[in-house]
Amino acid sequence: MIHTEKLQKQFGDKVAVAGLDLAVEAGEFFCFLGPNGAGKTTTIKMLTGLLRPTAGRALIGGFDIQTQPLLAKGLTGYIPDHPFLYDRLTGREFLAFIAGLYRLPKARWQPLAEELLEVFELSAAADSLVHGYSHGMRQKLSFASTFLHEPKLVVVDEPWVGLDPKNIHRVKHFLRQRVDEGLTVFMSTHSLSLAEELADRVGIIHQGELLHVGRVSEIKALAQEAEAHRETGSLEQAFLQLTRDNEA
């Protein structure tokens, strides 16, 4: 579903992402991990067409995001860490606006919109202006709008910002259920415990370079080997060890 070839982004003299080669299979929950400034958000912006690569390319479902943007974006949903919503629309009007962007027929999107409002507990606030929504409600409306066109891939950048424990549990269950039904999720997160719980595979990026890709058990084994076979108990410990070694 995602295939990058020597994907690179440079800002002046700074290389934010250096020659990224990555493959994420359809129906996979992939977590993209890295310290602040590692290149996670830059990668996501290139995958979603918000940034043009300096070199290399990214394919979404076989479509080049630069040369075939409408086909690639038609397969993709994107949830940023701080979603932009229109304050003077109601929640229901915002979903209608998104449906219009994708040219969805009313008979298709309206029932799904009501279902998504129910899933994310927004039905009671659906006719209130977004201006009055809390950050958590805005995040949930962003989730609902992302799934309105039934994407094959959802790219998520720090989805837990502003969500309380109950809604984190709800979103986790929703995403995991959709992946089990065939959705691909590419998620950047600093919550390593949630990545350990949810991910089929993880990738660790640091200083613009992809260090390791594998299942959580494989990443732990790498860290254990680096620590002269001292047991690594969690993904968090493995992550800290592997990125610390890279800095050294």
Side-chain angles (χ1 to χ4, degrees), residues 1-2 24 26-30 44-45 47-50 59-65 68-163 166-187 198:
M1 183 56 67
I2 297 174
V24 178
E28 183 174 19
F29 201 126
F30 189 91
I44 282 176
K45 287 185 176 181
L47 292 178
T48 53
L50 296 175
L59 305 178
I60 305 297
F63 300 115
D64 190 307
I65 187 63
Q68 301 167 293
L70 292 183
L71 293 171
K73 292 178 183 181
L75 298 176
T76 308
Y78 173 45
I79 304 170
D81 53 349
H82 296 287
F84 177 83
L85 307 174
Y86 290 99
D87 283 351
R88 295 304 174 184
L89 296 180
T90 67
R92 187 172 274 112
E93 287 170 343
F94 181 74
L95 294 182
F97 169 71
I98 296 299
L101 291 179
Y102 286 99
R103 300 179 181 178
L104 302 177
K106 194 171 184 179
R108 175 183 169 189
W109 72 262
Q110 258 197 341
L112 182 55
E114 295 304 318
E115 178 185 333
L116 289 166
L117 288 169
E118 184 70 26
V119 165
F120 291 104
E121 295 186 326
L122 290 171
S123 296
D127 294 313
S128 299
L129 292 177
V130 171
H131 176 74
Y133 281 20
S134 67
H135 184 80
M137 293 171 69
R138 286 171 172 263
Q139 193 77 335
K140 290 192 291 181
L141 183 60
S142 177
F143 268 94
S145 65
T146 297
F147 285 90
L148 197 58
H149 70 290
E150 300 176 281
K152 302 296 183 184
L153 164 69
V154 170
V155 179
V156 193
D157 194 0
E158 286 297 335
W160 319 117
V161 177
L163 295 181
K166 177 185 175 182
N167 282 304
I168 288 175
H169 176 78
R170 179 179 293 273
V171 170
K172 282 193 310 180
H173 176 75
F174 179 81
L175 289 177
R176 187 68 252 182
Q177 182 182 32
R178 290 303 175 97
V179 169
D180 292 341
E181 294 170 356
L183 177 72
T184 306
V185 171
F186 184 95
M187 183 174 76
L198 292 171

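Owing to the predicted nature of the structure, the values given are computational and were not obtained by experimental measurement. Any value given below was found using the heavy atoms of this structure, including those in side chains, with hydrogens, waters and symmetry copies removed.
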Using side-chain heavy atoms (C-beta onward) and a distance below 4.5 Å, is [X] in contact with [Y]?
X: Gln110; Y: Leu95; result: no
X: Leu175; Y: Leu198; result: no
X: Val171; Y: Phe120; result: yes
X: Phe143; Y: Leu122; result: no
X: Glu121; Y: Lys140; result: yes
X: Val24; Y: Met1; result: no
X: Leu75; Y: Leu153; result: no
X: Ile60; Y: Ile2; result: yes

Considering all heavy atoms of both residues, which atom of [X] and which atom of [Y] are nearest to each other, and what is their separation?
X: Gly62; Y: Gln68; result: O-OE1, 4.2 Å
X: Val179; Y: Val185; result: CG2-CG2, 3.6 Å
X: Val130; Y: Arg138; result: O-NH2, 3.5 Å
X: Arg170; Y: Val119; result: NH1-O, 2.9 Å
X: Leu112; Y: Phe147; result: CD2-O, 3.7 Å
X: Ser142; Y: Ile79; result: OG-CG2, 3.8 Å

When rounded to the nearest 0.5 angstrom, what is the spacing between [atom1] in [X] and [atom2] in [Y]?
X: Thr184; Y: Lys152; atom1: OG1; atom2: NZ; result: 9.5 Å
X: Tyr78; Y: Leu50; atom1: OH; atom2: CG; result: 5.5 Å
X: Asp87; Y: Leu85; atom1: CG; atom2: CG; result: 7.5 Å
X: Leu183; Y: Glu150; atom1: CG; atom2: CD; result: 11.0 Å
X: Leu117; Y: Ser145; atom1: CG; atom2: OG; result: 10.5 Å
X: Leu141; Y: Arg92; atom1: CG; atom2: CZ; result: 11.0 Å

request  = Please test Lys73 against Thr48 for side-chain contact (heavy atoms from CB on, under 4.5 Å), starting from the C-alpha separation and ending with a verdict.
outcome  = CA-CA 7 Å; Lys73 292 178 183 181; Thr48 53; over 6 Å; no
A quick test of your reading: do over 12 heavy atoms of other residues, nucleotides or ligands sit less than 6.0 Å from [atom1] of [X]?
X: His135; atom1: NE2; answer: yes
X: Leu101; atom1: CG; answer: yes
X: Glu118; atom1: CD; answer: no

Using a 3.5 Å distance criterion without hydrogens, assess whether the side chain of [X] forms a donor-acceptor pair with backbone atoms of [Y].
X: Gln139; Y: Trp160; value: no
X: Tyr86; Y: Glu93; value: no
X: Glu115; Y: Pro111; value: no
X: His149; Y: Thr76; value: yes

key: Criterion side-chain contact (heavy atoms from CB on, under 4.5 Å) on Lys45 and Asp157, from CA distance to verdict   = CA-CA 10 Å; Lys45 287 185 176 181; Asp157 194 0; over 6 Å; no
